Amino acid sequence: MINFRYHLVSLTAVFLALTVGLILGTAALNGPAMEALESTSQGLRDSNEQLRAQVTELEQQLGDEQEFASEVAPAYLAGRLAGRSILVVALPGADTAAVDGAVEMLGHAGATVSGRVSILDDFFDPANADQLVDLVDTTTPATVTTPVTYDGVQAMSYVLAAVTTGKVAGAPVQIAPGDITTVTTALTELQLLTVEAAPTGAADGVLVLAGAGFTDSDAEVRNTGMITVTNEFAADAPTVYGAMSSAGDGNPIATIRADDTGRVATVDNAGFTQGQIAAVAALGDFVTAGTVDHLGIGEGASGLLPDAA
């Protein structure tokens with residue numbers, strides 16, 4: 001009869017054989033395996049070095065292109081907005097340097113900046129909607145009749161657009177300097193707005209600059225609010241919406257282009273010098289000829305710059 005000792009000896013022999021096999025196999029393969037691993041690692045290191053070099057080269061090329069664009073901007077934009085007053089509105093996500101660059105481009109085009117304001121994140125917070133509605137009741141000039149709506153962003157945007165452009169639905173409206181101050185001060189005190197250059201209350205066109213949109217839990221409502229603000233300004237004066245980029249699923253520029261009402265021109269690369277030039281050129285087309293351009297490198301763009309006249 002096969003007893004327990006026999007089973008124990010058999011199992012021991014099997015494990016001993018496996019151990020000896022592993023030792024011999026490791027010894028036989030250790031050299032080639034290590035050599036193959038080292039070769040693979042070296043290949044990855046070389047590939048990473050090449051990629052880093054390519055990134056550095058692309059960054060250098062981009063810098064050169066930006067510098068070139070800056071140099072040709074004065075000649076390209078000259079006279080496109082000569083004698084025109086332009087209001088600059090920054091929305092959340094707009095890079096300050098990009099806004100400064102766009103203002104510089106407006107100068108090259110012969111425009112006068114009739115005001116520069118930044119509408120802050122909290123303006124679009126759904127929790128502040130009722131507060132905006134109340135603010136409309138206390139700040140609206142007597143010469144402006146607000147639409148009947150419970151949408152605080154829409155109502156307040158309507159008033160802000162009216163007092164900063166001096167128009168309602170494209171028609172001039174009497175706005176006193178005190179009316180502008182009342183609205184902008186009230187919004188500033190609630191940390192919903194900042195004023196970089198006080199609006200004069202007269203604008204032939206509006207340049208709206210914005211980021212890629214919100215991505216938080218209220219993103220859909222907030223991004224809709226950014227579009228609402230833009231549309232309210234566009235109802236009063238020719239308006240260009242310049243996004244820093246076209247990236248992001250909820251980017252408002254995608255919705256504006258999809259709707260394509262013919263009321264808002266767009267540029268999707270305003271974060272770069274080329275895009276800032278395009279935004280001012282598009283505004284020139286809109287203000288002087290009524291042409292609505294969609295420019296940039298993203299979906300829905302017809303080209304980098306307006307078609308030559």
Side-chain angles (χ1 to χ4, degrees), residues 85-94 99 113-211 213-214 216-239 241 252 263-264:
S85 297
I86 304 300
L87 175 70
V88 178
V89 179
L91 298 184
V99 181
V113 174
S114 62
R116 175 175 168 179
V117 300
S118 297
I119 300 177
L120 306 180
D121 293 25
D122 284 349
F123 187 93
F124 303 97
D125 188 341
N128 293 328
D130 290 341
Q131 190 175 39
L132 288 176
V133 171
D134 293 340
L135 203 61
V136 168
D137 292 338
T138 59
T139 62
T140 303
T143 54
V144 176
T145 302
T146 58
V148 178
T149 177
Y150 293 104
D151 184 337
V153 170
Q154 181 184 9
M156 195 67 242
S157 299
Y158 182 96
V159 175
L160 181 62
V163 299
T164 54
T165 65
K167 299 181 179 68
V168 171
V173 63
Q174 187 66 38
I175 299 293
D179 296 331
I180 305 170
T181 303
T182 296
V183 174
T184 58
T185 299
L187 290 170
T188 299
E189 288 176 348
L190 293 174
Q191 298 183 333
L192 305 178
L193 182 84
T194 59
V195 178
E196 288 80 19
T200 63
D204 300 305
V206 181
L207 179 58
V208 177
L209 297 165
F214 294 93
D216 59 10
S217 59
D218 296 320
E220 184 175 357
V221 174
R222 290 172 179 263
N223 290 335
T224 298
M226 290 174 67
I227 297 169
T228 297
V229 167
T230 303
N231 286 335
E232 291 304 324
F233 279 101
D236 295 340
T239 298
Y241 183 94
R263 297 172 59 192
V264 181

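Small disclaimer: the values here were computed from a predicted structure and weren't measured. Because only heavy atoms are used, hydrogens play no part in the values below, and waters and symmetry mates are left out as well, while side chains stay in.
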Cut-off 3.5 Å, no hydrogens considered: what does the side-chain donor-acceptor table look like for residues 122-134, sequence neighbours left out?
| unit_1 | atom_1 | unit_2 | atom_2 | d |
| --- | --- | --- | --- | --- |
| Asp125 | OD1 | Ala127 | N | 3.0 |
| Asn128 | ND2 | Asp122 | O | 2.8 |

State, to 0.1 Å, how close [X] and [Y] come at their nearest heavy-atom pair, and which atoms those are.
X      : Y      : result
Ile119 : Val229 : CD1-CG1, 3.7 Å
Pro141 : Val159 : CD-CG1, 4.3 Å
Val173 : Ala162 : CG1-O, 4.5 Å
Tyr241 : Pro252 : OH-CB, 3.5 Å
Leu187 : Met156 : CD2-CG, 4.0 Å

* Asked: Taking Ser85 for the side chain and Ser114 for the main chain, is one N or O donor matched with an acceptor at less than 3.5 Å?
  -> no
Quick one: list whatever passes side-chain contact (heavy atoms from CB on, under 4.5 Å) with [X], sequence neighbours left out.
X      : result
Asp236 : Ala161, Thr165, Lys167
Ala235 : Arg263
Ala219 : Phe214, Asp216, Asn223

To the closest 0.5 Å, what do you measure between [atom1] ([X]) and [atom2] ([Y])?
X      : Y      : atom1 : atom2 : result
Leu91  : Leu209 : CG    : CG    : 8.0 Å
Arg222 : Ser217 : CZ    : OG    : 7.5 Å
Thr145 : Tyr158 : OG1   : OH    : 7.0 Å
Leu193 : Leu120 : CG    : CG    : 6.5 Å
Thr239 : Glu232 : OG1   : CD    : 10.5 Å

* Structure fact -> In short, side chain to side chain donor-acceptor pair (under 3.5 Å) pairs touching residues 182-200 with sequence neighbours left out are Ser118-Glu196, Thr194-Glu196
* **Single hit among Val264, Val88, Val89 for side chain to side chain contact (heavy atoms under 4.5 Å, CB included) with Val208** => Val89
* Who passes side-chain hydrogen bond (donor to acceptor under 3.5 Å, both in side chains) against Thr149, sequence neighbours left out? -> Gln154
* Indicate yes or no: at least one non-hydrogen side-chain atom of Ile175 is less than 4.5 angstrom from one of Val144. => yes
* Are any non-hydrogen side-chain atoms of Pro199 and Val117 less than 4.5 angstrom apart? -> yes
* Quick one: list whatever passes salt bridge (charged side-chain N to carboxylate O under 4.0 Å, His left out) with Asp137, sequence neighbours left out. => none
